[in-house]
> 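For reference, the structure I am asking about is given below.
Here is the naming used below: chain letters follow the sequence lines, and residue numbers restart at 1 for every chain. Quick caveat: nothing in here was measured; it's all calculated off a predicted structure.
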Protein chains: 4
Amino acid sequence: MKVAFTSDNIAGASEAVVEAIVSAAASGDAMPYGNDDSTALVTRMFAELFECEVDVFLVSTGTAANVLSLSAMTPQWGSVFCHEESHLLNDESSAPEFFTGGARLVGLGGCDAKINPQQLRKLVNQKVGDVHSCQPAALSLSQVTEVGSVYSLEEIKELTEIAKSAGIPTHMDGARFANAIVSLGCTPAEMTWKAGVDIVSFGATKNGAMAAEAIVVFNRTLTESLDIRRKRGGHLHSKMRLLSSQMIAYLSNDLWRKNASHANDMMTFLQDGLRQITSIKINTPAQANMLFCTLPEGMEQYLLEEGFAFYGGRWETGVVRFVTSFRTPKEGIEAFIESAQRFHDLYCSPARN
Amino acid sequence: MKVAFTSDNIAGASEAVVEAIVSAAASGDAMPYGNDDSTALVTRMFAELFECEVDVFLVSTGTAANVLSLSAMTPQWGSVFCHEESHLLNDESSAPEFFTGGARLVGLGGCDAKINPQQLRKLVNQKVGDVHSCQPAALSLSQVTEVGSVYSLEEIKELTEIAKSAGIPTHMDGARFANAIVSLGCTPAEMTWKAGVDIVSFGATKNGAMAAEAIVVFNRTLTESLDIRRKRGGHLHSKMRLLSSQMIAYLSNDLWRKNASHANDMMTFLQDGLRQITSIKINTPAQANMLFCTLPEGMEQYLLEEGFAFYGGRWETGVVRFVTSFRTPKEGIEAFIESAQRFHDLYCSPARN
Amino acid sequence: MKVAFTSDNIAGASEAVVEAIVSAAASGDAMPYGNDDSTALVTRMFAELFECEVDVFLVSTGTAANVLSLSAMTPQWGSVFCHEESHLLNDESSAPEFFTGGARLVGLGGCDAKINPQQLRKLVNQKVGDVHSCQPAALSLSQVTEVGSVYSLEEIKELTEIAKSAGIPTHMDGARFANAIVSLGCTPAEMTWKAGVDIVSFGATKNGAMAAEAIVVFNRTLTESLDIRRKRGGHLHSKMRLLSSQMIAYLSNDLWRKNASHANDMMTFLQDGLRQITSIKINTPAQANMLFCTLPEGMEQYLLEEGFAFYGGRWETGVVRFVTSFRTPKEGIEAFIESAQRFHDLYCSPARN
Amino acid sequence: MKVAFTSDNIAGASEAVVEAIVSAAASGDAMPYGNDDSTALVTRMFAELFECEVDVFLVSTGTAANVLSLSAMTPQWGSVFCHEESHLLNDESSAPEFFTGGARLVGLGGCDAKINPQQLRKLVNQKVGDVHSCQPAALSLSQVTEVGSVYSLEEIKELTEIAKSAGIPTHMDGARFANAIVSLGCTPAEMTWKAGVDIVSFGATKNGAMAAEAIVVFNRTLTESLDIRRKRGGHLHSKMRLLSSQMIAYLSNDLWRKNASHANDMMTFLQDGLRQITSIKINTPAQANMLFCTLPEGMEQYLLEEGFAFYGGRWETGVVRFVTSFRTPKEGIEAFIESAQRFHDLYCSPARN
């Protein structure tokens, strides 16, 4: 069985997370619907992590975290600005429209899947107060982006300030929050509320949990409706400790950071290796745990036949995506690079032409 | 720590379920979003359990199972007939309206929280085709009902036939499906499709799982949209094996039946005990694992102060609810009955008057 | 052609209204979407009529006026309290759910289609803050009610005070607003904001206009979203003068009051006549222009065959509804009473038994 | 008072339309909600006009016609393909999302506001069956387009065939349907169902009516829900004859065609005149009654100060829009051209440079 770079959602969970579930399941009676001690503890841990008071809503999927967050930020006739390549716009069906009651996602351009500030500035001030048009309502950033790049703190601030100047709040889709933090070497506070972010989808599922995401609210005027929206969306777990136990383990002993560090390190290792193979083109330099490359003709097929797994065929010809996770093995990457090199030597080296 | 009869959602999970989660989490890579082997196995196990081909959609909450089911059964202008005391109508916020896009729940009367067939017959044929009125669209039965009674197979058939005669499908809210099966001593097939049920919310969370519910579809014309509705509702887990592993364990070795048998037996034991205390009135004889009683003045407070836990104060004066679960201990019930008896002897016996 | 009591929406329009349309259509260019002079004039006329500042939104149907009003008053998870016999609940399809994004209508009981204050008091304070339940959000009164009765000012105040004490606003469905004013002999201000009403659907269509209804907002915190909600509902007319011209004519020279007076007078005349016929039972004494009676067996068929028109067969056996309008002719009523009397004499008089 | 080219919705109504309203208003009782003779007549007239059986739903605004049509064509998770400059996408608030229950408008590129067939072909086959993505559901064409161009019959066919090949139906936004027919010199049948269109928003308001639009359905499988959707949207008029009388007059004696011919002729006259002024750039040659030009610096302000009216300042610098209507006077255009010429001679002629 060879290494799979398909996604970071194909891995199971960290041992500490599993142990926490076991212990939660065995721990006797607990009040349902989040009125238990472990859920209260999660909120305190997030407050400490983010160095401020926060409201926290645990859910079991990233889509739920994103669209519930947005639903608290926009009226039904609002425009939500996001990147045209974002997961929100392309991979969550019409969940955003469903939960917001019909608000509109507006996809903006920008290099490396980062929103272009000039475009944003133009749009947040367009047709404000015109009943014939959707009204600027919210900004949503993906950090890590959909192509594996990472916004710098300055880039985040620039965008949130444009939003704030127009009176609209900012959401961060942090499905790979930990990978971004490790990449930037900053604190969670610096990457969020200190940079103008009002609410974050804090992902754990892709980085060591089985199913645990937290909506973390800094701008607590957004909190009011989230409690009831979560229930109304069918996302209020009765045995909440299933979610809270995972999150406690994830936040304890720096597990979230260690897991993300491993994933990012493995990506660096992979990228460095692929860079040596001149027939492979790095499309966007990986800053976290995801990489888009263009492979020479035939290499994709060759590697898949060798037993490696990754996504291709969804983008332009030859473009493939590699994702590393908290448990991608280094040896697996070495074997992968070797195979790629072998194909290159056989079919792409100058001597052959 | 004394026994709690608050709800069957306060318990953790059965050991076998926990072991299954552990083993799923440790089992290496698996394709995401239900494209893994364990999810396929769940479908096969349900087909065997129900003795027919079925489509299965796993979700993590009972509200999601109910409202997604309904959303596939009714147009946005439909009437969904349910009992006026049902969980669907009273305890799921406006999730039914949200997921159905604005269909209307119509609460019907009927003894012991069972829908009155005469009322149903009248309503399913009312104002059909009249654009000024909501259109009869679906029937939803709760089995076990909200007061702890259980529809007989004949009662189910009578209602589904009324529905069918008007061309509308039937949903069963089976949050306590296993408890009902044990109570009736029938097969899952007999209680569902053989009795005219088109789709069932098959609950496991209250009876040994941590968070695992299955939408089981018999009338597969209802399946088409459910796949996308689940995603759109944010209910498609990426690491589906968290749900499928629980369900496999729950369905294996008759765990579901054993757990429900214990819960029901404990309720019988509790009810028999309370029946001996003449100052306590049994409101609806428990047929599964839930009981509504009226306690004499002062007894509720006394028992709570003794450390027992249960819900009161939500219904008419003195009315309380007791729920037993797969792990309610017999000794706990004995202690509870003793306490109730003690209160009775002290304050309610004829000698005192 | 004999007189028809089917509804007050079967009549055409008052001459003054038609002349106003003609003159508006011929008046040259006008700014679209309500930015014209006549629409501004309508707002000033309503301010004068109601003796206070108001915001006004013209629409072309009563359903639009009602459901747009409610949509500004309730969150998507709110409960809207109305009478169980109200038009809102029974005759507007699922428009309320559609426009409110899934809020729930809760039908209350009460004699003569007037909401029972005790029931309301109980419900507005129930389960507040409980995420599992719809949240009390708005009260909607019909004045005239669905059975032709009229709330007294004291009755309105009692209900709005109960609502206010729970922090929820009150809507009045005034499809027959003018008929109620004439019946009570009070001012529009007294029947609305002075009695605690926050927003009213002011109907003109049934009383002399072709299609013109105004949402009149007293509690202007409700105004903010209505402008955009009207557009979003497809209810913002480009040539608004079609609506505003009708409303100007309707409000000018007391036309609204004269028309309603005629309709009410004709109902009094009809009711007085029917009261003489002992085989006819008056179900709810008419206070405005609508009457529900129970006819003796055979009379309904007889009158229909004579060429009169009215609704029957929708309620209990023998129950029929009569509605008079701004142009119901007195002679028509005389002929109708005569016919009813004739049937009575032939088939119902004591001599026959 | 000088001529206004602001929009074709600033004019009043044709005399024949006004007379029809007068006569309808005075015509005695009529059954409500479209169950009257004149509404039936409208359907027969449309069947004759389009040379086939059709279902017809009258509404009072173009937004209602468009979004109700779409709501019958797409599931809540569908993608509706339209041009990125279309009225549907830019000028109807979030009404499309509201009525479709959250479907997504996808704006395509293409010259002269006509959809690029290659882009459409790519998108209709993208991610079909993928629950993570919105599903291709409908195509919506604007004829006349938003910039005043007109699709040829071949262009319409090419697009509808691409749609059909992917199993999705086509809607035509015919707010200026008559202007397009006159421009193409074809029959209504040729421009719609013979060219693959399934449903059309047939506009009359901009071309001689006060408020009357018809949803005309050729593909009658789309009809089923429209009846109830119209009521649910608050768009079912009780006194339908207000709408039907306008439409009857509009369709009688070729009024629709005469009015559009006048508007188009006036635009030709205007365009020919402006073409003589070399400092004015025609952006898209007008094919119907709308024209986008770029004026030389200062000319816009000059013309506005002269008392002419038109829209500018909404697009790139100097870009203005002229719209002619069924009652734009030729003399007004002559005066306008003269003024423009005068400005040109004073400030833009080569001699000045």
> Ring centroids only, cut at 6.0 angstrom: are A:F5 and A:F310 within range, meaning strictly under it?
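Between A:F5 and A:F310, the centre distance exceeds or equals 6.0 Å.
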> Counting only non-hydrogen atoms closer than 4.5 Å, does B:V22 touch chain A with its backbone (N, CA, C, O), its side chain (CB onward), both, or neither?
both
> Taking side chain as everything from C-beta outward and backbone as N, CA, C, O, which of these in B:F99 sits under 4.5 Å from a heavy atom of chain A? Side chain, backbone, both or neither.
both
> Tell me, out of A:G28, A:S238, A:P96, who's got the most heavy-atom pairs with chain B below 4.5 Å.
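Going by pairs under 4.5 Å, I would pick A:G28.
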> Measure from the side-chain N and O atoms of A:T100 to the backbone N and O of A:A103, and report whether any donor-acceptor pair falls under 3.5 Å.
yes
> When only pairs under 4.5 Å are counted, which of B:S7, B:A11, B:A13 shares the most heavy-atom pairs with chain A?
B:A11
> Report yes or no: does A:H171 contribute a side-chain atom to a donor-acceptor pair with the main-chain N or O of A:V200 at less than 3.5 Å?
no
> Taking A:S201's backbone N and O only, do any of them form a donor-acceptor pair with A:E213's side chain (distance below 3.5 Å, no angle check)?
no
> Just by modelled atom types, is the A:T324 backbone N or O under 3.5 Å from a matching donor or acceptor in the A:N289 side chain?
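Present.
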> Determine yes or no for a side-chain-to-main-chain donor-acceptor pair under 3.5 angstrom, with B:N207 supplying the side chain and B:W256 the backbone.
yes
> Is a side-chain donor or acceptor of B:K239 paired with a backbone partner of B:G34 at a separation under 3.5 angstrom?
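It does not hold such a pair.
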> To the nearest 0.5 angstrom, please state how far the CZ atom of A:F98 sits from the OG atom of B:S71.
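Going from the CZ atom of A:F98 to the OG atom of B:S71 covers 7.5 Å.
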> Most heavy-atom pairs under 4.5 angstrom with chain A, which of B:S94, B:G62, B:A211?
B:S94
> Looking at B:D36, B:T6, B:V17, B:T63, which one has more heavy-atom pairs under 4.5 Å with chain A than the rest?
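The residue among B:D36, B:T6, B:V17, B:T63 with the greatest pair count is B:T63.
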> Checking heavy atoms, do the side chain of B:N35, its backbone, both or neither come under 4.5 Å from chain A?
neither
> Taking side chain as everything from C-beta outward and backbone as N, CA, C, O, which of these in A:A309 sits under 4.5 Å from a heavy atom of chain B? Side chain, backbone, both or neither.
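Neither part.
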> Examine whether an atom of A:L236 lies under 4.5 Å from a heavy atom of chain B, and if so say whether it belongs to the side chain, the backbone or both; otherwise answer neither.
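Contact with chain B: backbone only.
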> Quiz question: by atom type and distance under 3.5 Å, do the side chains of B:S86 and B:D173 form a donor-acceptor pair?
no
> Give a yes or no on whether the backbone of B:V42 and the side-chain of B:S244 come within a donor-acceptor separation of less than 3.5 Å.
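Not confirmed, B:S244 side chain does not pair with B:V42 backbone.
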> Shorter than 4.5 Å, heavy atoms on both sides: which option in A:E15, A:H235, A:E92, A:H237 has the most such pairs with chain B?
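Ranked by contacts with chain B, first place is A:H235.
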> Can you confirm if the aromatic rings of A:Y311 and A:F322 lie within a centre distance of less than 6.0 Å?
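They do not qualify: ring centres at least 6.0 Å apart.
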> Given heavy-atom pairs under 4.5 angstrom as the criterion, report whether the side chain, backbone, both or neither of B:L242 touches chain A.
both
> Given heavy-atom pairs under 4.5 angstrom as the criterion, report whether the side chain, backbone, both or neither of B:A65 touches chain A.
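It is neither, since no heavy atom gets under 4.5 Å.
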> Rounded to the nearest 0.5 Å, what separation is found between the CZ atom of A:R241 and the CG atom of A:L58?
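A:R241 atom CZ to A:L58 atom CG measures 14.5 Å (nearest 0.5 Å).
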> Are there residues of residues 227-234 of chain A whose heavy atoms fall under 4.5 Å of chain B's heavy atoms? If so, which?
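Residues of residues 227-234 of chain A touching chain B at under 4.5 Å: A:I228, A:K231, A:R232, A:G233, A:G234.
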> How long is the gap from CE on B:M210 to CE on A:M240, to the nearest 0.5 Å?
11.5 Å
> Considering only heavy atoms and a distance below 4.5 Å, find which of B:A25, B:A64, B:S93, B:A95 pairs most often with chain A.
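The candidate making the most pairs under 4.5 Å is B:A25.
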> For the interface with chain A, which of B:R327, B:E19, B:K206 has the highest count of heavy-atom pairs at distances below 4.5 Å?
B:R327
> Where on B:L243 is there a heavy atom nearer than 4.5 Å to chain A: the side chain, the backbone, both, or neither?
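For B:L243, there is no contact with chain A at all, as no heavy atom is under 4.5 Å.
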